[in-house]
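Remember, it's 1-based here, ligands and their atoms both numbered in the order they're listed. Computed from heavy atoms alone, side chains included, the values below leave out hydrogens, waters and symmetry copies.
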Amino acid sequence: MTRRLTVLAGPSGVGKGTVVKALLARRPDVWLSVSATTRKPREGELDGVHYLFWTPEEFDAAVARGQMLEWAEFAGNRYGTPREPVEERLAAGVPVLLEIEVQGARQVRVSSPDALLVFLAPPSWEELARRLAGRGTEDLEVVERRLAAARAELAAESEFDVTVVNDEVELACAALLDSMSLDPPSKGP
Ligand code: 5GP
């Protein structure tokens with residue numbers, strides 16, 4: 001069965017972004033949702049491309065208006081998926097991918113029971129801690145908070161339909177694509 005909505009979750013630092021990039025390179029017909037966040041942009045991140053960078057007030061207003069498909073507080077900031085663009089793509093038959101954390105994945109499970117929930121797991125806890133600390137984009141306090149969140153996220157693995165271990169990006173990407181059972185890419189006109 002082709003499932004149109006796929007959620008990729010897993011602890012911060014596990015390499016979700018890298019796997020998603022590899023997937024989109026192979027399957028440009030998949031649409032990756034652009035999340036909104038209240039965190040500040042990292043070096044090189046563009047508003048509307050990597051995230052919609054919203055103020056806390058803008059975020060709260062969107063939540064109050066029911067405009068978020070899911071949202072969660074993560075390491076001191078809010079993150080969420082704007083509902084409308086996702087629903088538009090799904091209605092047009094476009095496969096949609098959400099790259100989100102575990103609390104958001106749980107909300108999608110409830111609101112869209114047909115969605116495929118994929119957990120991206122690190123080869124080991126030690127490897128995850130090493131990747132998180134080595135990223136170098138955050139100060140120590142933020143790394144500590146993300147490690148604590150990662151512990152909680154690893155415990156949620158059994159709630160997912162599929163686990164993909166991110167040992168090697170191309171293999172993880174292939175396993176993710178396989179679990180999505182997409183139709184063959186269309187050849188164009
Ligand atoms: P980062 O700050 O590293 O970009 O993201 C932190 C965490 O928030 C990651 O686990 C990422 O997958 C998650 N995240 C990004 N966008 C969303 C979203 O729209 N909803 C939820 N629930 N989590 C998100």
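- Looking at Gln107 against ligand 1, nothing comes within 4.0 Å, counting heavy atoms.
- One distance of note links CG of Leu8 with CG of Leu97; it measures 6.0 Å at 0.5 Å rounding.
- Set against the non-hydrogen atoms of Phe74, the atoms of ligand 1 under 4.0 Å away are 6 (C), 7 (C).
- Atoms of ligand 1 found under 4.0 Å from any heavy atom of Lys16 (numbered from 1 in listed order, with element): 9 (C), 10 (O), 11 (C), 12 (O).
- With salt bridges taken as basic N to acidic carboxylate O contacts below 4.0 Å, none links Glu70 and Arg109.
- Inter-residue side-chain proximity for Trp125 and Leu154 is flagged as met; some heavy-atom pair is nearer than 4.5 Å.
- Near Ser35, meaning under 4.0 Å from one of its heavy atoms, ligand 1 places the atoms 16 (N), 17 (C), 18 (C), 19 (O).
- Checked by distance only, ligand 1 and Arg39 come closer than 3.5 Å through their nitrogen or oxygen atoms.
- Taking CG of Asn166 as the start and CD of Glu127 as the end, the distance is 9.0 Å to the nearest 0.5 Å.
- By the 4.0 Å N-to-carboxylate-O rule, Glu45 lies close enough to Arg39 to be salt-bridged with it.
- Shown in contact with Arg146 at under 4.0 Å from a heavy atom are these atoms of ligand 1, numbered in order with element: 1 (P), 2 (O), 3 (O), 6 (C).
- Arg78 and Thr38 are not linked by any side-chain donor-acceptor pair at a separation below 3.5 angstrom, with hydrogens and angles left out of the test.
- Taking any N or O of Ser12, backbone or side chain, none lies under 3.5 Å from an N or O belonging to ligand 1.
- Close approach of ligand 1 to Gly104 (heavy-atom distance below 4.0 Å) involves ligand atoms 22 (N).
- Residue contacts with ligand 1: Gly10 is placed with no nitrogen or oxygen under 3.5 Å of a nitrogen or oxygen of the ligand (distance criterion only).
- Every N/O-N/O distance between Trp71 and ligand 1 stays at or above 3.5 Å.
- Using a 4.0 Å cutoff on heavy atoms, Arg42 counts as a contact of ligand 1.
- Salt bridge present: Arg145 and Glu141 bring a charged side-chain N and a carboxylate O closer than 4.0 Å.
- Close approach of ligand 1 to Gly80 (heavy-atom distance below 4.0 Å) involves ligand atoms 18 (C), 19 (O), 20 (N).
- Here the straight-line distance linking atom CZ of Arg42 with atom NE2 of His50 works out to 10.5 Å at 0.5 Å rounding.
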